[in-house]
**Student:** 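Please read through the structure below; I'll follow up with questions.
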Amino acid sequence: MLQALMNLLSLCWKPLDGEDIGGGGDFARDGLLWSRDIGRCTSGEFSMAVVQANQVLEDQSQIESGPFGTFVGVYDGHGGPEAARFVCDHLFRHFQAISDQDRGVATTETIRRAFLETERGFTYHVSNLWNTHPNLATAGSCCLVGVICQQTLFVANLGDSRVVLGKKVGNTGVVAAMQLSTEHNANIEEVRHELKELHPNDPQIVVLKHGTWRVKGIIQVSRSIGDVYMKHAQFNREPINVKFRLSEPMDMPILSATPSIISHPLQPNDSFLIFASDGLWEHLSNEKAVDIVQSNPHAGSAKRLVKAALQEAARKREIRYSDLRKIDKKVRRHFHDDITVFVLFLNHDLISRGIGQDPPLSLRSALEH
Ligand SMILES: *[C@@H]1O[C@H](CO)[C@@H](O)[C@H](O)[C@H]1NC(C)=O
């Protein structure tokens with residue numbers, strides 16, 4: 001293990017001499033909103049914020065920065081927080097172990113394998129606890145990961161979180177919004193098309209229910225970690241809740257855990273990245289979010305985005321933002337979802353010099369609930 005780490009250090013990155021950048025640090029808290037205004041990481045600066053709406057926070061997230069580069073993860077859980085927490089505890093470790101074997105270099109393949117290992121681990125966890133906690137079989141998580149290694153950005157996504165790049169256009173001072181992630185929500189026509197192609201003999205593979213397209217009339221996302229009741233017939237039976245049980249036998253997995261992955265060679269006009277769970281994008285367009293980040297100081301960017309989304313959520317329901325803020329968790333869920341935002345400001349000087357962060361930074365939204 002140590003040897004593998006040393007190999008990684010010497011092959012991929014030079015440790016930073018004696019300079020203390022980042023690490024530790026608490027979140028500031030304001031009611032149901034937690035935030036870190038600004039911090040430093042291997043690839044530049046980051047800003048982070050989370051607002052809770054559910055009784056138990058279902059969003060989890062992390063930023064890891066060290067000799068390997070920078071890793072950002074946003075995990076939007078559903079059916080309880082367990083799958084998202086499991087991903088937060090395991091995905092990055094799998095990623096590190098697998099890229100160690102690959103001489104410390106991240107590739108689309110190392111990231112894909114880290115996702116599949118995490119899915120395998122969670123499925124094993126569910127089967128171990130089936131007798132005492134069968135409801136784990138209906139917990140799942142969307143999973144958005146961004147990795148910056150050797151001047152390349154990798155984006156891997158399962159579900160409907162999103163990352164948007166703010167890209168400078170020439171010397172105009174304009175910053176354009178470019179969505180980098182592919183989403184897997186049945187409300188998107190191509191996703192319904194993909195599902196129908198994969199399940200040609202199932203006319204009920206997507207069903208419109210109360211104005212929302214759902215896979216088998218049950219779940220909105222077509223890819224996730226967990227939701228094993230939609231992947232393995234052995235978990236689609238009593239005692240899971242009847243609303244999750246399929247009436248016909250499942251002869252192949254309905255949901256998949258294979259992420260969509262892209263690699264993007266970073267260019268000097270790539271200015272910042274906004275990673276966020278679906279809760280943000282429900283209320284803010286890509287362009288609006290990029291505009292807010294672009295026209296304000298770096299510090300507090302993530303919190304500013306969350307507040308803009310909450311103001312929009314309040315406006316839609318015709319209440320004042322100041323009144324929305326007084327509504328406690330659980331009831332809040334009627335107004336908006338849990339929201340997680342990371343803004344990563346790219347420093348191309350740091351990125352091109354390939355200087356790794358030492359000591360590493362590891363920040364997780366392991367918040368009190
Ligand atoms: C960004 O820079 C690259 C070259 O570094 C150039 O090809 C591209 O057109 C630029 N994009 C924009 C939007 O200005």
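Just follow the structure's listing: the first ligand is 1, and inside any ligand the first atom is 1.
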**Student:** Measure from atom 8 (C) of ligand 1 to every heavy atom in L266, T172, V169, N269 and give the option owning the shortest one.
**Tutor:** N269
**Student:** Closest non-hydrogen protein atom to atom 7 (O) of ligand 1, residue and atom name please, with distance?
**Tutor:** Q267 NE2, 4.8 Å
**Student:** Where do H348 and Q267 land on the side-chain contact (heavy atoms from CB on, under 4.5 Å) test, with the steps shown first?
**Tutor:** CA-CA 8 Å; H348 293 281; Q267 296 169 340; over 6 Å; no
**Student:** Please determine, by modelled atom types, if D227 and H78 share a side-chain donor-acceptor pair under 3.5 angstrom.
**Tutor:** yes
**Student:** Would you please test D89 and R85 for salt bridge (charged side-chain N to carboxylate O under 4.0 Å, His left out) and show each step?
**Tutor:** CA-CA 6 Å; D89 287 342; R85 285 186 191 164; over 6 Å; no
**Student:** Check the angle between the aromatic planes of Y229 and F244 and answer parallel, tilted or perpendicular using the 30° and 60° thresholds.
**Tutor:** perpendicular
**Student:** How about F46 and F345: are their ring centres within less than 6.0 Å of each other?
**Tutor:** no
**Student:** Would you say atom 11 (N) of ligand 1 touches the protein, meaning some protein heavy atom is under 4.0 Å from it?
**Tutor:** yes
**Student:** What protein heavy atom sits nearest atom 13 (C) of ligand 1, and how far off is it?
**Tutor:** K168 O, 3.6 Å
**Student:** Which atoms of ligand 1 have any heavy atom of G170 under 4.0 Å away?
**Tutor:** 14 (O)
